[in-house]
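First comes the structure, then the notes that go with it.
All ligand and atom numbering here is 1-based and tracks the order in the structure. What you are looking at is a predicted structure, and each value in this text was computed from that prediction instead of being measured.
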Amino acid sequence: MTIRRSIEKTENDLLGMTACRSQQSRGRERQEEPCRIRTVFQVDRDRILHSKSFRRLKYKTQVFLAPEGDHYRTRLTHTLEVSQIARTIARALRLNEDLTEAIALGHDLGHTPFGHAGERVLAELLPNGFHHVSQSLRVVDVLEKGGSGLNLSWEVRDGISNHSKGRGPLLNNESAALPTTLEGQLVRLADIIAYVSHDLDDAIRAGLINNSDVPEQLRGQFGEKHSQRINRMVSDVIETSLSASVSQVAVSHNMETGIKTLREWLYANVYQADAVEAEFRKAKRILRELFRYFVDNPGELIICGGRHQPGDAIEVAVGDFLAGMTDRFALNLYQHLFLPQPWKNC
Ligand code: MG
């Protein structure tokens, strides 16, 4: 028996009835010889972790632009926090932790530089619009590995493509497009659990708000500190799901209302705050000018590190290039292309 087979057997013994077992995977778009050591979901997790898009998350904005302070979240640390929260819940509910981790690590790979400002400007510029979710899928299906993609399993792709809720329902709503597996559904919840807490934490760190500005009712429900907030939300999801025999990933009505109220409060007081929007306006201008430059000078796209997938319109190729940039790459490129450079002494 291979090591993979023995891990698959252990999954059968340890995982709950409603978990997604590696052996049940619907497989990959292009068939491959299975790994002797790792299950299909372990392989996917490793492919994502070792990808260039994953490393670039390090220098992409979460909320605060190209953060100068070392303690602000970036898209990478957000992703790692989502992964930790999701794995804790998965293990408690005896769901598949490897599948959970793969979806969590891959869910935000399609995010642009400059956070949602980048997403909004690309949505305006591209003929077919832009959304980070479909871009995450495009990254893993097409753009990674020099244009051949990571060829991930159906379940990981499904989790990535249905993780986002925007300002919509968290889980318990039939109109929401939910991931098929419970592991995918819990990453969707872990994403919002992570960001409502850490964005609040960062906004206080930035001096944008004080802890006392947060409505008293929310502070009472979630606690005053990041660790308390995470602990209360995670405990609620675990207990509510267990009381439903893990037939679904669930959150109590009271907690769901609290999370939605906190999210709306963050929109009004942090995400759409004047100080944040002012920086976003500058970021949008940079991306708009870079977009126009490369559409007008397609030859420069390749020289500067972009790629033109066969059959794609130039706008799509430029959109891929811009979406893949880190904040600092976009800023440096803008400076290089549009600002005069001082002569260097010999
Ligand atoms: Mg996310």
Is the distance from the Mg ion (ligand 1) to some N, O or S atom of His111 under 2.8 Å? no
Quick one about Thr88 and Gln84 (side-chain donor to acceptor, distance below 3.5 Å, no hydrogens or angles considered), yes or no? yes
Output field for angle at the Mg ion (ligand 1), Asp191.OD1 vs Asp108.OD2, rounded to 10°, should show 170°
Residue list, side-chain hydrogen bond (donor to acceptor under 3.5 Å, both in side chains) with Thr18, at least two apart or on another chain: none
Is there a side-chain contact between Pro113 and Tyr59, using heavy atoms and a 4.5 Å cut-off? no
Closest non-hydrogen contact found for Thr39 with Asp98 is OG1-OD2, 4.3 Å
Would you mind naming the N, O or S atom of His78 nearest to the Mg ion (ligand 1)? NE2
